[in-house]
Amino acid sequence: MTSTGRFTLPSEENFAEKTKELAELWGADAIRNSDGTHLDESVLALGKKIYSAYFPTRAHNEWITLHMDETPQVYLLTGRVLAEADIVDVPLMDGFFEEQLKPNHDADPHKYWEVVDRTTNEVVDASLWTLDEDTDTVHVSGATPMHEYTVSFLAYIIWDPVEMYNHLTNGWGDKEHEIPFDIYHPATRKFVFDTFEQWLKDNPQVDVVRFTTFFYQFTLLFDQKQREKVVDWFGCACTVSPAALDDFEKEYGYRLRPEDFVDGGAYNSAWRVPRKAQRDWIDFLSGFVRANVKKLADMSHEAGKEAMMFLGDQWIGTEPYKDGFEDLGLDAVVGSIGDGTTTRMIADIPGVKYTEGRFLPYFFPDTFYEGNDPSIEGLDNWRKARRAILRSPISRMGYGGYLSLAAKFPKFVDTVTHIADEFRDIHDRTGGVAAEGELNVAILNSWGKMRSWMAFTVAHALPNKQTYSYYGILESLSGMRVNVRFISFDDVLEHGVADDIDVIINGGPVDTAFTGGDVWKNPKLTETLRAWVRGGGAFVGVGEPSSLARFQAGRFFQLADVLGVDEERYQTLSVDKYFPTVTPEHFITADVHVDPAAREAWEQAGYRIPLSGCGGGQGIKPLGGIDFGEPVANTFPVNEDVTLLRADGGQVQLAVNEYGKGRGVYISGLPYSAANARLLERALFWASHNEDKYTAYSSTNPECEVAVFPDAGQYCVINNTDRPQSTDVALPDGSVEHFDLDQSAIAWRNL
């Protein structure tokens with residue numbers, strides 16, 4: 001039987017009867033509109049809580065077309081142009097989408113733009129270049145032949161990036177493009193608040209204002225072929241204006257360069273080690289954004305409505321994990337559920353009354369088309385989210401898009417019915433309390449708490465060849481029986497390591513925000529972490545942890561002594577490296593399946609004869625059994641006391657090291673899979689000397705996980721696959737319970 005509540009249903013015009021039917025079937029207690037849709041009076045009369053999507057800074061072309069110098073702006077970097085003489089022309093818009101972006105000719109280019117000789121990285125004097133506005137070309141004189149030149153220029157954003165995406169995806173044809181506007185300008189700011197005040201009066205039926213979102217879009221730029229050109233879900237590139245730049249200078253005492261935004265073409269990606277200018281701009285921007293968000297929230301409350309923020313679209317500047325977010329007075333945050341990591345990104349947000357997840361698939365024609373089965377994606381999305389919800393509950397769930405599309409797929413309708421009932425059942429059984437965590441795990445990077453569950457991401461929940469080997473750390477942890485927090489290098493330098501932390505994880509490629517870059521030049525950092533591990537702490541490194549791009553003190557990994565592993569950077573080739581024999585059986589690898597034939601071939605092949613420079617003792621055949629993702633080349637044990645668990649192909653993939661009273665673990669990469677989540681879980685328990693706690697409520701099948709709820713007196717076992725699974729669960733008294741689980745199933749038992 002269908003239960004009721006905790007579910008938000010999207011609806012649209014001329015779809016009232018089916019909306020009522022699906023609301024009953026899915027147990028919806030709230031109804032919302034989506035981008036480009038409105039709710040009929042008959043839908044409003046159903047007696048459900050009404051959400052209304054509200055766009056503070058778009059959907060009013062009647063205003064902004066009269067004030068086109070008050071749209072949001074972005075610093076763009078042109079392509080590099082080779083000078084073949086002492087004069088070179090740099091076209092501005094080559095590679096950019098002219099329906100989205102337009103160069104700003106209104107503010108003095110010689111004050112706000114910059115021409116750079118990229119061969120020397122020197123700024124070209126403003127007297128040596130001119131702008132041809134008719135052709136949007138910069139003419140540079142006095143150039144050095146065979147040097148490359150770029151222009152960093154301000155451009156207006158003249159088509160809202162999200163509305164543009166929806167427009168192109170849904171084929172809206174000649175529908176008028178919605179132009180965004182920037183509330184940094186007083187006249188536009190007054191228009192935004194006056195318009196919202198009138199909207200509140202005109203919409204008494206609305207219970208929840210679903211701000212989608214506020215003022216500044218994450219970096220989302222398109223090329224001339226309407227393809228994504230630059231996308232950074234955390235990017236602040238689309239937040240600039242001459243007025244804001246001038247005010248920043250007054251407040252902070254120095255002027256930002258265009259280069260502080262274009263960053264040589266990196267556009268201050270969240271992967272970049274954050275610099276002072278970037279951090280200062282985030283602080284400046286978030287101060288302005290938050291002050292105005294609070295006004296919108298207060299106005300909503302005065303009108304008797306809740307204020308809900310969508311964590312997406314124009315969310316930049318809100319920074320929900322930055323100190324002070326709770327002061328904004330928002331009632332709720334809703335976000336898109338892409339996987340376990342994004343579920344935790346929403347669920348863990350402090351300072352709001354409740355959180356809500358918008359599940360996938362989105363009801364758009366790119367998924368809901370004849371011949372496709374959206375229920376496959378729906379169940380896959382639910383399985384990924386469920387393991388995280390058990391660890392950090394969201395209060396509500398729902399979907400987005402166009403209900404008329406979803407209603408054409410009966411199997412999907414039935415799937416959502418099942419998911420919604422199961423979601424409510426979890427809440428009913430647990431009271432919305434998180435499952436018990438047995439270890440306290442801290443992720444150490446440059447951003448720390450401010451970007452909790454936001455590490456290793458480029459675009460929201462989308463795979464990336466360069467990132468998946470690290471993103472798997474978060475995805476594994478999102479549903480694991482541990483408590484997770486995020487700490488920064490500054491935290492460690494200022495306060496040391498908190499007494500209740502059991503394990504610290506540092507991972508990622510060299511010279512990124514996630515491994516730290518030049519912060520490792522500070523000896524206090526290595527001193528603090530070494531002392532903590534030697535005193536009994538646990539440090540897990542993934543990829544190129546604690547790495548420093550510039551070879552320093554004979555080490556690439558600055559905590560190589562803790563991890564027992566370093567990486568050859570072609571500086572110490574003359575120093576031989578010898579590998580101890582691989583240990584195939586260990587607590588960490590106890591659940592790893594190795595093909596018997598591969599194991600036999602590995603044992604029979606033996607080890608390589610030592611060769612000068614390239615080391616000896618490396619296995620001739622691979623042992624395998626573990627997916628480490630993209631390889632990290634040339635890793636080696638720092639001595640022969642290190643325990644190697646995998647060292648296929650002449651480099652270390654998995655190693656453990658005793659370090660005083662503590663332990664270090666090195667893993668070369670960790671794409672998400674059930675097997676790798678189990679591997680990481682075992683590594684955390686082993687590194688923290690908690691092997692004796694591991695067995696109780698552990699599943700023998702890595703595809704199944706166990707969550708324990710002491711206050712509710714229950715535990716559950718979940719099948720995270722689309723296939724039937726069997727598993728045994730060990731109980732604290734030593735007994736074992738067997739489970740046969742259907743695909744995607746969950747089973748509950750009393751403690």
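Reckoned from all heavy atoms, side chains included, excluding hydrogens, waters and symmetry mates. Please read these numbers as outputs of a predicted model, since none were measured by experiment.
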With a 3.5 Å distance limit and no angle check, can you tell me whether Thr342 reaches the backbone of Met345 through a side-chain donor-acceptor pair? no

Could you tell me whether a side-chain N or O of Tyr399 sits under 3.5 Å from a main-chain N or O of Val416, the two making a donor and an acceptor? no

request  = Begin with the C-alpha distance, continue with both residues' side-chain angles, and end with the deciding distance and a verdict on side-chain contact (heavy atoms from CB on, under 4.5 Å) for Leu296 and Val209.
outcome  = CA-CA 10 Å; Leu296 292 176; Val209 185; over 6 Å; no

Between Asn33 and His38, is any side-chain donor less than 3.5 angstrom from a side-chain acceptor?
no

With sequence neighbours left out, the residues meeting side chain to side chain donor-acceptor pair (under 3.5 Å) with Glu681 are Arg481, Tyr694

Less than 3.5 Å apart, any donor N or O on the side chain of Asn720 or Glu705 sitting next to an acceptor on the other? yes

Assert yes or no for the condition that the ring centre distance of Phe218 to Phe234 is strictly below 6.0 Å. no

Only residue of Asp740, Thr700, Asn701 satisfying side chain to side chain donor-acceptor pair (under 3.5 Å) with Ser726 is Asp740

If you define the side chain from C-beta out and look only at heavy atoms, does anything of Leu680 sit under 4.5 Å from Val542? no

*asked:* Under a 3.5 Å threshold, yes or no: a donor from one side chain and an acceptor from the other, between Gln466 and Trp271?
replied: no

*Are more than 12 heavy atoms from other residues, nucleotides or ligands located less than 6.0 Å from atom CD of Glu41?*
no

For Gly357 and Ile394 the tightest heavy-atom approach is N-CD1, 3.7 Å

Got a donor-acceptor contact below 3.5 angstrom from the Thr213 side chain to the Gly312 backbone? yes

#### Entry: More than 12 heavy atoms from other groups under 6.0 Å of NZ on Lys20
no

Between Glu306 and Asp331, the two heavy atoms sitting closest are CA-OD2, 3.3 Å

| query | Would you say the side-chain atoms of Asp223 pair up with the backbone N or O of Gln226, donor to acceptor, closer than 3.5 Å? | reply | yes

| request: May I ask you to check whether Phe368 and Phe412 place their ring centers less than 6.0 Å from one another? | output: yes

**Prompt:** What's the verdict on side-chain hydrogen bond (donor to acceptor under 3.5 Å, both in side chains) for Thr341 and Glu475, showing C-alpha distance, side-chain angles and the deciding distance?
**Reply:** CA-CA 5 Å; Thr341 303; Glu475 190 64 15; 2.7 Å; yes

NZ/NE/NH1/NH2 to OD/OE distance under 4.0 Å, Asp380 and Arg383: yes

request  = Check step by step if side-chain hydrogen bond (donor to acceptor under 3.5 Å, both in side chains) holds for Asp160 and Gln314.
outcome  = CA-CA 10 Å; Asp160 181 86; Gln314 289 85 2; 2.8 Å; yes

Checklist entry - If only atom types and distance count, is the side chain of Lys229 paired as donor or acceptor with the main-chain N or O of Phe96 below 3.5 Å? => result no

Should the ring pair Phe364 and Tyr362 be called parallel, tilted or perpendicular, given that the plane angle runs from 0 to 90° and is split at 30 and 60?
-> perpendicular

Test ring pair (Phe, Tyr, Trp, His ring centres under 6.0 Å) applied to Phe514 and Phe456, step by step: CA-CA 8 Å; Phe514 307 118; Phe456 311 121; 4.8 Å; yes

Nearest heavy-atom approach of Ala677 to Tyr672 is CB-CE1, 4.0 Å

Just by distance, do the side chain of Thr318 and the backbone of Ile316 share a donor-acceptor pair under 3.5 Å? no

Residues Met450 and Met454: closest non-hydrogen pair is O-SD, 4.4 Å

message: Between Leu390 and Cys716, is the side-chain contact (heavy atoms from CB on, under 4.5 Å) condition met? List the steps.
response: CA-CA 9 Å; Leu390 293 170; Cys716 67; 3.9 Å; yes

_Student check: side-chain heavy atoms of Asp339 and Ser478 closer than 4.5 Å_ = no

(message) Assess, by modelled atom type and distance only, whether the side chains of Asp348 and Ser392 contain a donor and an acceptor separated by less than 3.5 Å.
(response) yes

d(Glu630 CD, Lys465 NZ) to nearest 0.5 Å is 3.5 Å

ask   = With distance as the sole criterion, is a donor-acceptor pair present between the side chains of Ser395 and Arg6 under 3.5 Å?
value = no

With sequence neighbours left out, the residues meeting ring-ring contact (aromatic ring centres under 6.0 Å, His included) with Phe214 are Phe211

(message) Quick one, Arg678 with Asp591, criterion salt bridge (charged side-chain N to carboxylate O under 4.0 Å, His left out). Give me CA distance, side-chain angles, the key distance, then yes/no.
(response) CA-CA 8 Å; Arg678 176 61 59 90; Asp591 292 323; 2.9 Å; yes

Does either side chain, that of Glu436 or that of Tyr697, offer a donor lying less than 3.5 Å from an acceptor on the other one? no

- Leu311 and Met309: CA distance, side-chain angles, deciding distance, side-chain contact (heavy atoms from CB on, under 4.5 Å) verdict: CA-CA 6 Å; Leu311 184 61; Met309 165 189 161; 3.7 Å; yes

*May I ask you to decide if Val162's main-chain N or O and Arg58's side chain share a donor-acceptor pair within less than 3.5 Å?*
no

inquiry  = Can a donor-acceptor pair be found, under 3.5 Å and without considering hydrogens, that links the side chain of Arg424 to the backbone of Ser3?
reply    = yes

* Thr457 vs Tyr470 side-chain heavy atoms within contact, under 4.5 Å -> no

Please lay out, stage by stage, how Arg396 and Thr8 fare under the test side-chain hydrogen bond (donor to acceptor under 3.5 Å, both in side chains).
CA-CA 8 Å; Arg396 300 181 56 82; Thr8 304; 3.1 Å; yes

May I ask you to check whether Trp453 and Phe486 place their ring centres under 6.0 Å from each other? yes

Set out, in order, the CA-CA distance, both residues' side-chain angles and the distance that settles salt bridge (charged side-chain N to carboxylate O under 4.0 Å, His left out) for Asp207 and Lys49, then state yes or no. CA-CA 6 Å; Asp207 301 298; Lys49 198 172 187 178; over 6 Å; no

Between Arg227 and Phe222, is NZ or CZ placed under 6.0 angstrom from the six-membered ring centre and within 45° of the ring axis?
-> no

Smallest heavy-atom separation, Met308 atom then Val334 atom, equals SD-CG1, 3.6 Å

- Just wondering, more than 12 heavy atoms not from Gln198 lying within 6.0 Å of its CD? yes

Please check: side-chain N/O of Asp40 versus main-chain N/O of Asn14, any donor-acceptor pairing under 3.5 Å?
yes

So, the side chain of Arg387 versus the backbone of Ser476: is there a donor-acceptor pair under 3.5 Å, distance only?
yes

4.5 Å side-chain heavy-atom contact, Met164 and Trp172: no

| query | Would the number of heavy atoms belonging to other residues, nucleotides or ligands and lying under 6.0 Å from OH of Tyr165 be above 12? | reply | no

Flag if over 12 foreign heavy atoms under 6.0 Å of NZ, Lys175: yes

Nearest heavy-atom approach of Pro10 to Gly401 is CB-O, 3.7 Å

Close aromatic pair by centroid cut-off 6.0 Å: Tyr715 and Phe709:
no

Go through it in stages, so that I can follow the logic: the residues are Glu176 and His167, the test is side-chain contact (heavy atoms from CB on, under 4.5 Å), and I'd like the CA-CA distance, side-chain angles, deciding distance and then a yes or no. CA-CA 10 Å; Glu176 184 180 19; His167 191 293; over 6 Å; no

When you compare the side chains of Tyr216 and Asp182, does any donor N or O come within less than 3.5 Å of an acceptor on the partner? yes

